[in-house]
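Below is one structure, written out as structure tokens; comments come after it.
Note: hydrogens, waters and symmetry copies are ignored here, and every other heavy atom, side chains too, is used. Indexing begins at 1, ligand by ligand and atom by atom, following the structure's order.
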Amino acid sequence: MLTELAARARARLDPAHWDFFAGGAGDERTLRANEEAFQRLRLLPRVLRATGPRDLRTTLFGTELSAPLLVAPTAFHRLAHPDGELATARGAAAAGTVLVVSMAATTPVEDIAAAGGPLWFQLYPQPDLEFTAAVVRRAERAGCRALVVTVDSPVFGRRERDRRNGFTDLPAGLVCEHLRDGTGRVRDIVMDADLGWERIDWLRGVTGLPIVLKGLLHPADALLAVEHGVSAVLVSNHGGRQLDGAVATVDALPAVVKAVGGQVPVLLDGGIRCGADILAALALGAGAVLVGRPVLWGLAAAGADGVRQVLDLLREDLDRALALAGARRPADLTGDLVAARC
Ligand SMILES: Cc1cc2nc3c(=O)[nH]c(=O)nc-3n(C[C@H](O)[C@H](O)[C@H](O)COP(=O)(O)O)c2cc1C
Ligand SMILES: CCCCCCC(=O)C(=O)O
């Protein structure tokens, strides 16, 4: 079903835009590794113990989600569908989950908020602190419930497909709406190589929103993140779009979970394509997962309905996988259910 939606998306999209969404950095080793790592896992289900109704609901920062599944921040939704991020927000709301709005969204967060579903906001901290603080205040005023700070992008990953296609700019009429300054001018986004831990401390002073640090893979960084007072860490390699050769996220997860030791939730994204992938991530200690590309395929194929279809499908597939593994709730999932890697 997801494969079919991806094919429909591909048929609808300009090939250069398909490549932007589907592609990764370098030789795309990490892009492939994310999915392959899940495919290598084998589950060891329990039987005769998960009687009674199942319940996938999960609460994060006071927001109840229909399942431990959120929409990862991705750029430029109006390249995928004319309704862009509005459609994504409607689909996510209908599926009962959070959309993480990208700093590189092509729709203003105030308009996205009108869809009514819960939102978090993803930030690329900019060297201009005043501008960064203004973007954070915008997200707060629009009702975003958490700030996801992306820290895996001191420089932009080398995207060979985009270079080949000459894809450097958005088409006329589309801009990154959160890069407008007070005068209406749209700034260039800066991937800031000077971003350090002191900026996370500074951000904690700027906002009372929970901060989720996105783009960690090393357990030592996860521990530092906790020491710097973040509210959650998101194990991510940016869907294989930054450091090609970086470890697959599900392979990095257990050491991060161990280092964090339950002090804050550990989230994961990268390569989630079915319920068994979500189940494995939860069993290995993730509190919830985020999906990027599958949502883009739903959006490109069928707008808000397509986004909802993808999220419903993943939730239903997780529900089935839970039953088959002998669990009723995400909290029942434990590491012993992941038997081996082949
Ligand atoms: C087309 C595209 C655009 C993305 N844009 C952003 C972004 O603006 N900010 C960000 O933090 N991550 C961005 N990401 C990374 C995603 O948030 C997420 O880490 C990744 O897509 C997860 O992998 P998956 O696509 O295999 O689910 C983007 C990913 C894709 C595929
Ligand atoms: C010029 C805007 C750059 C947006 C970056 C989006 C992103 O994170 C990605 O992976 O692509």
For the residue pair Phe167 and Phe20, categorise the inter-ring angle as parallel (less than 30°), tilted (30 to 60°) or perpendicular (more than 60°).
-> tilted
Should the pair Trp297 and Trp18 be assigned to parallel (<30°), tilted (30 to 60°) or perpendicular (>60°) ring geometry?
-> parallel
Do me a favour and list the nearest non-hydrogen protein atom to [atom] with residue, atom name and distance?
| atom | result |
| --- | --- |
| atom 31 (C) of ligand 1 | Phe21 O, 3.4 Å |
| atom 21 (O) of ligand 1 | Gly292 CA, 3.8 Å |
| atom 19 (O) of ligand 1 | Asp269 OD2, 2.8 Å |
| atom 16 (C) of ligand 1 | Pro73 O, 3.3 Å |
| atom 8 (O) of ligand 1 | Ser102 OG, 2.7 Å |
| atom 5 (N) of ligand 1 | Ala75 N, 3.2 Å |

Return the [atom1] to [atom2] distance between [X] and [Y], rounded to the nearest 0.5 Å.
| X | Y | atom1 | atom2 | result |
| --- | --- | --- | --- | --- |
| Leu313 | Leu5 | CG | CG | 8.0 Å |
| Ile278 | Asp317 | CD1 | CG | 7.5 Å |
| Asp336 | Leu44 | CG | CG | 7.0 Å |

Close N or O approach ([X], ligand 1; < 3.5 Å):
| X | answer |
| --- | --- |
| Thr74 | no |
| Gly271 | yes |
| Ala104 | no |
| Arg241 | no |

Per-atom contacts, ligand 1 versus [X] - under 4.0 Å to a heavy atom:
| X | result |
| --- | --- |
| Gly270 | 22 (C), 23 (O), 26 (O) |
| Ser236 | 19 (O) |
| Thr150 | 10 (C), 11 (O) |

For atom 12 (N) of ligand 1, which of Lys214, Gln122, Gln242 has the closest heavy atom?
->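 Checking each option, the heavy atom nearest atom 12 (N) of ligand 1 is found in Lys214.
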Is [X] salt-bridged to [Y], cutoff N-O under 4.0 Å?
| X | Y | result |
| --- | --- | --- |
| Arg32 | Asp27 | no |
| Asp55 | Arg329 | no |
| Glu110 | Arg138 | yes |
| Arg159 | Asp19 | no |
| Arg273 | Asp277 | no |
| Asp332 | Arg328 | no |

Looking at ligand 1, does Arg273 have a heavy atom less than 4.0 Å from it?
->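 Yes, Arg273 has a heavy atom closer than 4.0 Å to ligand 1.
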Is the backbone N or O of Gly292 less than 3.5 Å from a side-chain atom of Thr74, with the two atoms forming a donor-acceptor pair by type?
->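 Between the backbone of Gly292 and the side chain of Thr74 there is no qualifying donor-acceptor contact (under 3.5 Å).
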Which is it for Phe76 and ligand 1 at heavy atoms under 4.0 Å: side chain, backbone, both or neither?
-> neither
Six-ring centre of Phe76, Arg78 cation under 6.0 angstrom, axis tolerance 45° =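 No, cation not above the ring by the 6.0 Å, 45° rule.
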Hey, what polar pairs (N/O, under 3.5 Å) does ligand 2 make with protein?
from     : atom 1 : to     : atom 2 : distance (Å)
ligand 2 : 8 (O)  : Tyr124 : OH     : 2.4
ligand 2 : 8 (O)  : His238 : NE2    : 2.8
ligand 2 : 10 (O) : Arg159 : NH2    : 3.2
ligand 2 : 10 (O) : His238 : NE2    : 2.9
ligand 2 : 10 (O) : Arg241 : NE     : 2.8
ligand 2 : 11 (O) : Arg159 : NH1    : 3.0
ligand 2 : 11 (O) : Arg241 : NH2    : 2.9

Any side-chain heavy-atom pair of Ile112 and Leu99 under 4.5 Å |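 They are in side-chain contact.
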